[in-house]
Number of protein chains: 2
Amino acid sequence: MARAKLKADDVFNALGDPTRRAIVHRLARGPSSVSQLAQPLGITLTGVRQHLDVLEGCGLVRTEKIGRVRTCRFDTRGLVVIETWISMQRSMWTQALDNLGDLLDQED
Amino acid sequence: MARAKLKADDVFNALGDPTRRAIVHRLARGPSSVSQLAQPLGITLTGVRQHLDVLEGCGLVRTEKIGRVRTCRFDTRGLVVIETWISMQRSMWTQALDNLGDLLDQED
DNA sequence: TCCATACTGAAGTTAAGGCTTCAGTATTAT
DNA sequence: ATAATACTGAAGCCTTAACTTCAGTATGGA
């Protein structure tokens, strides 16, 4: 099944949870199995699995199951999505400031 | 009262909510009163107020009350915080890939 | 002065989501 | 073949947080 279009909403929602942020942070340092992720987090494998679903769904993590081990990797696609969102807000804001400046220049 | 240090955790948490993202998006286009924010969102003033507290607390919005009107403005400080977090993860990931490459080169 | 506007704060409701347990399945090791 | 490992899925618990109502306060206009 092909992956649906990645949404900034979903990425922010995913990173809004501290445990998921910890997982991303961990995976940025290198790949890991589900068990390895679970251990330092102090939550069950099931809990980790649920977070991985969310993270995979928004392009922050990719996973691959080989044998009985699922290997999880950092995925930059999710980051790209929010980087785009952020620069969008920034440019709108700059634009708004410019417009205000123009108005002020026109005064008198 | 001075503002506490801004945390990436708080900014992501703030942007994890669709209504708050809508508020930020709106304010990036220019300042707005609380009432003006509430109207298109279809929630009460009180609801908006609560979101503004969160957004102000993490440096995504600044507000200023003049007379009976509170004017809300976009604030880029919050964005800077997460931009930093993002580039941190990216650089860790790049580093991890480099290390892997070195290991592979050493083989044989 | 009287009323409308613009917001604020405390308190309650409710739904979502983060986590668990438990009972599986599939894979690897002995 | 047996047992241990590594994970999965369904179901439920339970806290958090997004929202509301309602009863204010302060400001601005007629």
Side-chain angles (χ1 to χ4, degrees), chain A residues 1 4 7-27 30-75 78, chain B residues 1 4 7-27 30-75 78:
Chain A
M1 188 185 326
K7 271 221 67 199
D9 270 27
D10 295 333
V11 183
F12 280 122
N13 178 60
L15 292 175
D17 178 74
T19 304
R20 282 195 289 264
R21 245 161 9 237
I23 292 175
V24 169
H25 191 257
R26 164 71 185 75
L27 293 180
S32 170
S33 71
V34 178
S35 306
Q36 285 172 340
L37 285 176
Q39 192 217 323
L41 293 173
I43 63 177
T44 61
L45 292 187
T46 306
V48 174
R49 179 83 243 312
Q50 289 161 358
H51 285 305
L52 287 172
D53 280 342
V54 175
L55 291 167
E56 261 194 289
C58 70
L60 283 167
V61 163
R62 270 173 314 114
T63 79
E64 178 192 18
K65 190 161 186 177
I66 298 175
R68 58 186 172 177
V69 177
R70 177 174 297 276
T71 300
C72 311
R73 289 166 206 287
F74 184 69
D75 187 351
Chain B
M1 188 191 321
K7 272 218 67 201
D9 269 27
D10 296 332
V11 184
F12 279 124
N13 179 59
L15 292 175
D17 178 77
T19 304
R20 282 194 290 264
R21 238 151 28 229
I23 291 174
V24 170
H25 191 258
R26 164 71 185 75
L27 292 180
S32 170
S33 71
V34 178
S35 305
Q36 283 170 342
L37 284 176
Q39 192 217 324
L41 294 172
I43 64 177
T44 61
L45 291 187
T46 305
V48 173
R49 208 339 89 177
Q50 290 161 358
H51 285 306
L52 288 173
D53 279 343
V54 176
L55 291 167
E56 260 194 290
C58 71
L60 283 166
V61 163
R62 271 174 310 116
T63 77
E64 180 192 16
K65 189 160 184 177
I66 298 175
R68 57 185 172 179
V69 178
R70 178 175 296 277
T71 300
C72 312
R73 289 167 207 287
F74 186 67
D75 187 351

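Side chains included, hydrogens not; waters and symmetry mates left out as well; all remaining heavy atoms used. To find a chain, count down the sequence lines: A is the first, B the second, and so on, and within it residues start at 1.
For A/L45, the listed nucleotide lying nearest its side chain is D/dT8; candidates were D/dT8, C/dA6, C/dT8. Distances were taken from every side-chain heavy atom of A/T19 (C-beta onward) to each of C/dA29, C/dC19, C/dT8; the shortest belongs to C/dC19. The listed nucleotides are C/dT27, D/dT27, C/dT8; the one nearest the side chain of B/R70 is C/dT8.
Between the CG atom of B/D17 and the P atom of D/dT16 there is a distance of 17 Å, rounded to whole Å. Between the CD1 atom of A/I66 and the C1' atom of D/dT8 there is a distance of 18 Å, rounded to whole Å. A straight line from CG of B/L52 to P of C/dA6 spans 16 Å, rounded to a whole angstrom. Atom CG in A/N13 sits about 13 Å away from atom P in C/dA16, given to the nearest Å.
Neither OP1 nor OP2 of C/dA4 sits under 4.0 Å from any side-chain N or O of B/R68. The side chain of B/T44 contributes no N or O atom lying less than 4.0 Å from OP1 or OP2 of D/dC19.
Using a 4.0 Å heavy-atom criterion, one finds that B/G47 contacts the bases of the nucleic acid, with or without backbone contacts as well. Within the 4.0 angstrom heavy-atom criterion, base atoms lie near B/T46.
Under a 4.0 Å N-O distance rule, the pair A/R21/A/D17 does not qualify as a salt bridge.
A 4.5 Å side-chain heavy-atom check between A/V34 and A/T71 finds every atom pair outside the cut-off. Put simply, the side chain of B/D53 reaches to within 4.5 Å of the side chain of B/R49, judged on heavy atoms.
Both A/G67 and A/I43 lie near DNA chain C, and the one whose nearest nucleotide falls closer to the 5' end is A/I43.
Below the 3.5 angstrom threshold, one finds no donor paired with an acceptor across the side chain of B/R49 and the base of C/dT8. With hydrogens and angles ignored, a donor-acceptor pair under 3.5 angstrom links the side chain of B/Q50 to the base of D/dT20.
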